[in-house]
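Chain naming here is simple, since letters A, B, ... match the order of the sequence lines and numbering starts at 1 in each.
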Amino acid sequence: MMIAIELNGSAHQIADGQTVGNLVSSMQLNGKAVAVAVNRDVVPGSQWQYRQLHAGERVDIVWPIGGG
Amino acid sequence: MSSFEESQLTIAGKAYKSRLLVGSGKYKDLNETREASLASGAEIVTVAIRRVNIGQDPNAPSLLDVLPPSEFTLLPNSAGCYNAADAIYTLQLGREILGGHKLCKLEVLGDEKTLFPNMPETLKAAETLVKDGFDVMVYCSDDPIQARMLEDIGCAAIMPLASLIGSGMGILNPWNLSLIIEQSKVPVIVDAGVGTASDAAIAMELGCDGVLMNTAIAGAKDPVRMAHAMKLGIDAGRNAFLAGRIPRKFAASPSSPMAGRVV
């Protein structure tokens, strides 16, 4: 079953029961310097595999880019 | 470089040889970002925190490939935030990306056109971030009272603008900067508005502890050369400050003695 979340500001469908870790893997971001927050709460990397995502949650996956 | 003794720039208990801090934005590509950063001699480089593009090629080179944390102290900024909550959130994400690294650059903007800081929101964010264990380097106005309040909150460095971000207008109010430098026990680092090497030198001659710049280098016709010029300008200004300049006086004073002239 698919559920709807918001990922980086856009609607996104994921399989029910997916974790943050699954989501990061699906975006091929494993090993990259990224941070994840769900509903504006940072989820530490050590918790990614445990933190399940639920319908309606807002996920931000960010990385560093050039800036002043 | 110089054979003169020089103290290092200490921020939040860590010493740095370079008093030039640089941003990593506005370059034409990652290669130029790296070349200019290296030419500047900067040890601290700011980075912005932004959402990953969904569908982006994950194997494309990224900023940390050219500015690795092993070579540089990366300083996450809260650029583009217009309230304390967004700035705090952005910097929490930045801290997480860098594995708990506490040093951050706080900026809370008040106006899209001028990019002037919103000082009430900046103070609010600074207080929360300091309590949360961050070492906060804070972009602020050149109001000495605001600067003192930020220092009292516990900010690690005060970073007043010299003029508008990206404007290249240089040091518009050396008097306010001097007041801030005089009163501050934490480093004062000019952040914003520098346009060319002489601006950086002027800031250092006033007694600033360092200068942070981005557009002045990245926007120059030859960014790598400008980065080199800035490094020299910072060094020149710092040495001039430590050397103790002659006062300005509206009177001539001959450099050659009058005695023994043939006239």
Item to check | Within 6.0 angstrom of B/Met169 CE, more than 12 heavy atoms from elsewhere | outcome: no
Item to check | Reported CD1-to-CD1 distance for the pair A/Ile61 and B/Ile54, which is rounded to 0.5 angstrom | outcome: 6.5 Å
Next on the checklist: So for B/Leu64, is it side chain, backbone, both, or neither that comes closer than 4.5 Å to the heavy atoms of chain A?
Outcome noted: side chain
Item to check | Heavy-atom side-chain proximity of A/Val62 to B/Ile97 below 4.5 angstrom | outcome: yes
Next on the checklist: If you compare all heavy atoms of B/Ala48 against all heavy atoms of A/Gly66, which two are closest, and at what distance to 0.1 Å?
Outcome noted: CB-O, 4.1 Å
Checklist entry - Checking heavy atoms, do the side chain of B/Ala192, its backbone, both or neither come under 4.5 Å from chain A? => result neither
Item to check | Part of A/Val42 lying under 4.5 Å from any heavy atom of chain B | outcome: side chain
Checklist entry - Relative to chain B, which of A/Gly45, A/Ala33, A/Gly67 shows the most heavy atom pairs under 4.5 Å? => result A/Gly67
Next on the checklist: If I compare all heavy atoms of A/Pro64 with all of B/Leu63, which pair ends up nearest, and what's the gap?
Outcome noted: O-CB, 3.9 Å
Give each N or O donor-acceptor pair spanning chain B and chain A at a distance under 3.5 Å, with atom names and distance to 0.1 Å, or state none.
from	atom 1	to	atom 2	distance (Å)
B/Ser24	N	A/Gly67	O	2.9
B/Ser24	OG	A/Gly67	N	3.0
B/Ser24	OG	A/Gly67	O	3.4
B/Thr46	OG1	A/Gly67	O	2.9
B/Thr46	OG1	A/Gly68	O	3.4
B/Ala48	N	A/Ile65	O	2.8
B/Ala48	O	A/Ile65	N	2.8
B/Arg50	N	A/Trp63	O	3.0
B/Arg50	O	A/Trp63	N	2.9
B/Arg51	NE	A/Asp60	OD1	2.8
B/Arg51	NH2	A/Asp60	OD1	3.0
B/Val52	N	A/Ile61	O	2.9
B/Val52	O	A/Asn8	ND2	2.8
B/Pro58	O	A/Lys32	NZ	2.6
B/Asn77	ND2	A/Gly68	O	2.2
B/Ala85	O	A/Arg40	NH2	3.4
B/Asp86	OD1	A/Arg40	NH1	3.1
B/Asp86	OD1	A/Arg40	NH2	2.8
B/Tyr89	OH	A/Asp60	OD2	2.6
B/Glu96	OE2	A/Gly45	N	3.1
B/Asn214	OD1	A/Gly68	N	3.2

Item to check | Shortest non-hydrogen separation from A/Leu29 to B/Val52 and the atoms involved | outcome: CD1-CG1, 4.2 Å
